[in-house]
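Each remark here refers to the structure printed beneath this line.
For clarity, every value in this text was computed on a predicted model and none was experimentally measured. Basis for what follows: all heavy atoms, side chains included, without hydrogens, waters or symmetry-related copies.
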Number of protein chains: 2
Amino acid sequence: MRRISADPDSPAGLGSAAAPTTPLNNRAPLDRRKILAAAVEVIDEDGLKQFTMRKLGMKLGVEAMAIYRYVHGREDLLNGIVEHVIDDLYGDPDVHMSTGNWQDYLVRVSHGVRRIALAHPQVFPLIATRPPAAPWVRPPLRSLRWMESFLDTLKTCGFSDAAAVAAYRSFSSFLLGHLLLEVSAQGADTSPIEQQDPEDPPPSDMSSYPLLQRLESELSQDHSAEEFEDSLETLLERLDRLNPRQAGEGPAPSTHVN
Amino acid sequence: MRRISADPDSPAGLGSAAAPTTPLNNRAPLDRRKILAAAVEVIDEDGLKQFTMRKLGMKLGVEAMAIYRYVHGREDLLNGIVEHVIDDLYGDPDVHMSTGNWQDYLVRVSHGVRRIALAHPQVFPLIATRPPAAPWVRPPLRSLRWMESFLDTLKTCGFSDAAAVAAYRSFSSFLLGHLLLEVSAQGADTSPIEQQDPEDPPPSDMSSYPLLQRLESELSQDHSAEEFEDSLETLLERLDRLNPRQAGEGPAPSTHVN
DNA sequence: ACCTGAACACCGTTCAAGT
DNA sequence: ACCTGAACACCGTTCAAGT
């Protein structure tokens, strides 16, 4: 798998230490890809909310304004980050190897996207909510290349036009729903403490929610991986019914990664 | 239309504190609920990105700093908005009327949440991505009241603890995936024009995506309502299999709202 | 050719002061 | 009791000027 965050060598906790400490390349003249990679790194470290042009400049050992040579403002940068992360996955040969089986393909794509979601939980909400270029370009597979590849695979396996499009829609909504909830659960404790005004029910008083109290341990357990596989398998079965060319190849393959 | 909250109820009831005679001058003293309602209105009009303390103050006929009497900073305001919108739905008697049938309940909740998503497409991404109070409080039903009501309904209909929790998870991921994609498709054209550097494939050159070209009209058609109903029905059937108490009540009801 | 300094408009937020 | 003015630290962004 290709690395998404460049610079695994960069120091772990840099804090407000002034030194950029990227010795070899800090004379190389900056470049769009370097900027995007650094941006992903900064977001992974400090969260989207803290992500700032000035902080990104600091990470790159440069004043913030230098970035504007390579990027058309903050909005363009954000779009670029999303593109960068998702196109990086597109290059992954593990995902794109072709077996002529659409189920295999969807499983590989699913696991690939899940991998980047879990690797960059802070970036994923961005992938999920950026306004799409066109209404039919859906997150999280937000590029024309991805769509073409997706539809091509299904068409090759005998799907009708309508069925391929329907599959694309079901698939993206499945991926988005699952992964967004999974990553948002991950960063849950970071949420700011909310103070209520005294007229409202007291903050974390569970006494009015007996069922929640009783089921708290059930609710706290994390089965996201299994749930993901189960949902994916259900989806594949459902999509299979859309495909008129029933090759009689038996049930959908296990979705579990080897 | 100016007002968002009808506010027909004067603070009747708790009349112990003598209400100062407020003249016709609608200088009623501001209040958390009024602020949240105005915030929703501002976001609906100008989008989340443009939403600003100062703009909200302007809408309320007040300087921005006045808001801080009622709200603990911007983060708290954002959480409050989400709460406000979702709790508003909680009060809807159409949603909460009880028929003792969990499928009916889920259908009503689904349609209710979809209704607010479509009514406030700019607010919904906020509902979807705010960090939850606890990892198991999932969007878009992000309140303890909702969870309690949801789980209670399922328990009453015979679900086991584990099945009720599993249903809660499947349901929220279904809702979130569908609605987020639906509202993001709605605001798609608003997205900023992105400029690519000359080394990358030209911007909107479709020539390398023959399938996309051919399927463009298929892709552009909006079937979100039907897709929503279909997915919901599939989900209900799947959840039905989780429920050991098979009351033999026949197939899941049609999800279409009457 | 690539970056910086200074500047501008605009944020969120605090707090003493007004009414 | 409720709001405002002034102030502060920090944004994104532009542009002339440095190297």
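- Under 4.0 Å is where a charged nitrogen must lie from a carboxylate oxygen, and between A:Arg130 and A:Glu75 at least one such pair does.
- As rounded to whole Å, 16 Å separates atom P of C:dC2 from atom CD1 of A:Ile67.
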Using a cut-off of 4.0 Å between protein heavy atoms and nucleotide atoms, how would you tag nucleotides 13-19 of chain C 5' to 3' with B, S and -?
-> BB-----
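- When rounded to the nearest whole Å, the span between NZ of A:Lys55 and C1' of D:dA9 equals 13 Å.
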Pair assignment for DNA chain D - dot-bracket with | for other-strand partners, Watson-Crick or G-U under 3.5 Å = ||.|||||...|||||.||
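- Every pair passing salt bridge (charged side-chain N to carboxylate O under 4.0 Å, His left out) that includes a residue from residues 174-183 of chain B is listed here, sequence neighbours excluded: B:Arg114-B:Glu182.
- Atom CD in A:Gln50 sits roughly 12 Å away from atom P in D:dC10 (whole-Å rounding).
- With sequence neighbours left out, B:Glu227 forms a salt bridge (Lys or Arg N to Asp or Glu O under 4.0 Å) with A:Arg169.
- Looking only at distances, a side-chain donor or acceptor of A:Glu148 sits under 3.5 Å from a matching main-chain atom of B:Leu211.
- The interatomic distance linking B:Arg32 (CZ) with D:dC2 (P) rounds to 16 Å, in whole Å.
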Give the C-alpha distance, both sets of side-chain angles, the deciding distance and a yes or no for side-chain contact (heavy atoms from CB on, under 4.5 Å) between B:Val109 and B:Phe150.
-> CA-CA 9 Å; B:Val109 172; B:Phe150 187 104; 5.6 Å; no
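- Comment: A:Arg32 engages A:Asp76 in a salt bridge, judged by a side-chain N to carboxylate O separation of less than 4.0 angstrom.
- Taking the side-chain hydrogen bond (donor to acceptor under 3.5 Å, both in side chains) definition, one finds that A:Ser172 meets it with A:Arg138, sequence neighbours left out.
- In this structure, A:Thr52 does not reach the D:dC10 phosphate: none of its side-chain N or O atoms is under 4.0 Å from OP1 or OP2.
- Take B:Asp92 and apply the side-chain hydrogen bond (donor to acceptor under 3.5 Å, both in side chains) test, not counting sequence neighbours, and it matches B:Arg115.
- Atoms CG (B:Leu56) and P (C:dC10) sit 18 Å apart, rounded to a whole Å.
- Within the 4.0 Å cut-off from OP1 or OP2 of D:dC3, at least one side-chain nitrogen or oxygen of B:Tyr70 is found.
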